[in-house]
2 protein chains.
Amino acid sequence: MSVPNTDVRSLVATALPMPVPVDEYDGCPVTGLLRLLSDKWSMLVLVLLGRQPYRFNELHRAIGGISQRMLTRTLRGLESAGLVLREVHPTVPPSVEYRLTPLGQSLLGPLSGLADWAVGNEAALAAGRRRAGAAESSGPR
Amino acid sequence: MSVPNTDVRSLVATALPMPVPVDEYDGCPVTGLLRLLSDKWSMLVLVLLGRQPYRFNELHRAIGGISQRMLTRTLRGLESAGLVLREVHPTVPPSVEYRLTPLGQSLLGPLSGLADWAVGNEAALAAGRRRAGAAESSGPR
DNA sequence: CTGAATCCAGAAGGATACTG
DNA sequence: CAGTATCCTTCTGGATTCAG
């Protein structure tokens with residue numbers, strides 16, 4: 001297996017072709033995952049489904065501010081990636097349940113790692129922003 | 001401190017207000033981080049700077065396909081977050097070096113966690129995509 | 001060399017109305 | 001209930017030009 005362009009694994013050791021050719025990031029699983037999760041709603045949906053299964057409108061109500069259109073698109077994206085399972089009960093009226101697949105559940109761990117870092121370094125991040133703001137107002141670039 | 005809206009920490013245990021009010025994700029460090037990193041280039045720049053410091057044009061050459069404008073914007077974003085340090089050497093012609101701050105370096109760990117997951121589950125993700133493709137061509141929604 | 005400024009195209013996301 | 005379809009606005013990013 002050749003080394004993907006933007007492979008982030010083993011950050012210090014892995015060799016990267018230089019210059020890094022960026023063909024829309026094709027072939028890099030890491031970038032693929034990031035692009036899948038980096039929209040406005042996927043993370044939140046993933047987290048909610050990590051707690052319990054939801055029906056469509058349940059989920060719609062549970063998230064303040066998402067449009068029906070975006071909820072559908074988000075769920076389809078996660079489903080296509082194999083992270084979410086869509087279960088249709090052929091009742092009248094129809095009922096559709098969404099839940100995480102085992103693969104989706106296994107993602108919650110690494111995701112928590114990143115979340116923990118963000119929470120743990122919230123103060124440092126804020127301090128960095130303050131320094132940046134101060135430097136900006138005092139001197140030009 | 002109140003619980004941020006989309007706090008992902010301790011995914012199963014943490015209470016979330018329901019419905020989750022999404023006021024542009026303000027106040028959630030996790031979402032803030034995700035939004036910072038979820039653009040087209042930040043991750044790659046972070047990884048490259050994790051290996052060694054780079055000068056501006058060095059970085060520009062190292063990444064195939066990034067525009068000068070986007071490289072500048074990406075670096076400014078990471079700098080504002082306190083992840084990247086910008087060091088100006090007042091020479092002629094000017095020389096500017098970029099490197100990770102300690103905070104930036106500490107982010108590489110959790111990031112690797114996510115990257116490892118992506119690499120480790122590449123096959124499963126591909127299989128999920130195949131199943132999704134098969135289901136799509138066989139039956140309507 | 002290291003940018004900033006301007007202009008432009010495409011993608012992402014929201015509002016609304018309609019359907020099986 | 002669980003979506004689709006359509007229209008519209010905003011945001012992102014690329015190309016190009018100019019400047020210290």
Side-chain angles (χ1 to χ4, degrees), chain A residues 6 21-25 31 34-45 49 53-80 84-99 132 135-136 139-141, chain B residues 6 21-25 31-32 34-45 49 53-80 84-99 135-136 139-141:
Chain A
T6 52
V22 182
D23 303 331
E24 297 300 324
Y25 301 96
T31 307
L34 260 294
R35 295 190 81 72
L36 173 69
L37 300 181
S38 68
D39 57 84
K40 193 169 180 181
W41 303 107
S42 290
M43 290 277 310
L44 182 53
V45 168
L49 291 182
Y54 277 90
R55 295 182 47 182
F56 184 85
N57 274 354
E58 255 179 350
L59 210 44
H60 192 198
R61 280 189 296 273
I63 304 177
I66 193 173
S67 63
Q68 238 177 15
R69 170 182 142 88
M70 286 318 295
L71 179 55
T72 300
R73 289 172 60 111
T74 300
L75 287 167
R76 293 286 184 275
L78 296 175
E79 189 193 357
S80 297
V84 161
L85 182 66
R86 179 176 182 266
E87 214 168 348
V88 183
H89 302 101
T91 59
V92 177
S95 154
V96 179
E97 255 202 356
Y98 293 92
R99 70 182 69 247
E136 177 187 8
R141 190 124 267 163
Chain B
T6 52
V22 182
D23 302 331
E24 298 300 325
Y25 300 95
T31 307
L34 261 295
R35 296 190 81 71
L36 173 69
L37 300 182
S38 69
D39 57 86
K40 193 169 179 182
W41 303 107
S42 290
M43 290 278 310
L44 182 53
V45 168
L49 291 182
Y54 277 90
R55 295 183 47 185
F56 184 85
N57 273 357
E58 255 179 350
L59 210 43
H60 192 199
R61 280 188 297 272
I63 305 177
I66 192 174
S67 65
Q68 245 178 8
R69 168 182 143 86
M70 287 318 294
L71 180 54
T72 301
R73 288 172 58 114
T74 301
L75 287 167
R76 292 287 183 276
L78 297 174
E79 189 194 357
S80 297
V84 161
L85 182 65
R86 179 176 181 267
E87 213 167 347
V88 183
H89 304 290
T91 60
V92 177
S95 155
V96 180
E97 257 202 355
Y98 293 91
R99 70 182 68 249
E136 176 187 9
R141 190 126 268 166

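Convention: sequence-line order gives letters A, B, ...; per-chain numbering from 1. These values consider heavy atoms only, across backbone and side chains, with no hydrogens, waters or symmetry-generated copies.
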task = To the nearest Å, give me how far apart NE2 (H60(A)) and P (dT16(C)) are.
result = 12 Å
ask   = Rounded to the nearest Å, what distance is computed from the CG atom of residue L71(A) to the C1' atom of nucleotide dT16(C)?
value = 17 Å
task = Kindly say if Y98(A) contacts the phosphate of dG3(D), meaning a side-chain N or O under 4.0 Å from OP1 or OP2.
result = yes
Nearest-angstrom distance from the residue atom CD of E58(B) to C1' of dG3(C) = 16 Å
key: Min side-chain heavy-atom separation L71(A)-W41(A) under 4.5 Å   = no
task = Give a yes/no answer on whether the side chain of R55(A) brings an N or O atom under 4.0 Å of OP1 or OP2 in dG3(D).
result = no
query = Taking CZ from F56(A) and C1' from dC1(D), how many angstroms apart are they, rounded to a whole number?
reply = 9 Å
key: Any side-chain heavy-atom pair of Q68(B) and F56(B) under 4.5 Å   = yes
query = Separation of L59(B) atom CG from dG3(C) atom P, in whole Å?
reply = 11 Å
query = Which heavy atom in R55(B) sits nearest to a heavy atom in P94(B), and how many Å separate them?
reply = NH2-O, 3.9 Å
key: Test item: E97(A) and E58(A) side chains (from C-beta on) under 4.5 Å apart, heavy atoms   = no
key: Length of the line joining H89(A):NE2 and dG3(D):C1', which is rounded to integer Å   = 17 Å
task = Let me have a per-nucleotide readout for nucleotides 6-20 of chain D, 5' to 3', with B, S or -, counting only protein heavy atoms under 4.0 Å.
result = B------BBB----B
task = Quick one: closest heavy-atom pair of S42(A) and L36(A), and the distance?
result = OG-O, 3.5 Å
remark   = Taken to the nearest whole Å, CG/L75(A) to C1'/dT4(D) is 15 Å
key: Nucleotide nearest T72(A) when distance is taken to its side chain, options dG3(D), dA2(D), dT2(C)   = dG3(D)
message = Side chains of L75(A) and L59(A), heavy atoms from C-beta outward: is any pair under 4.5 Å?
response = yes
message = Please report the interatomic distance CG(L44(A)) to CG(L37(A)), rounded to the nearest 0.5 Å.
response = 12.5 Å
ask   = Whole Å only: how far is the CD atom of E87(A) from the C1' atom of dA2(D)?
value = 16 Å
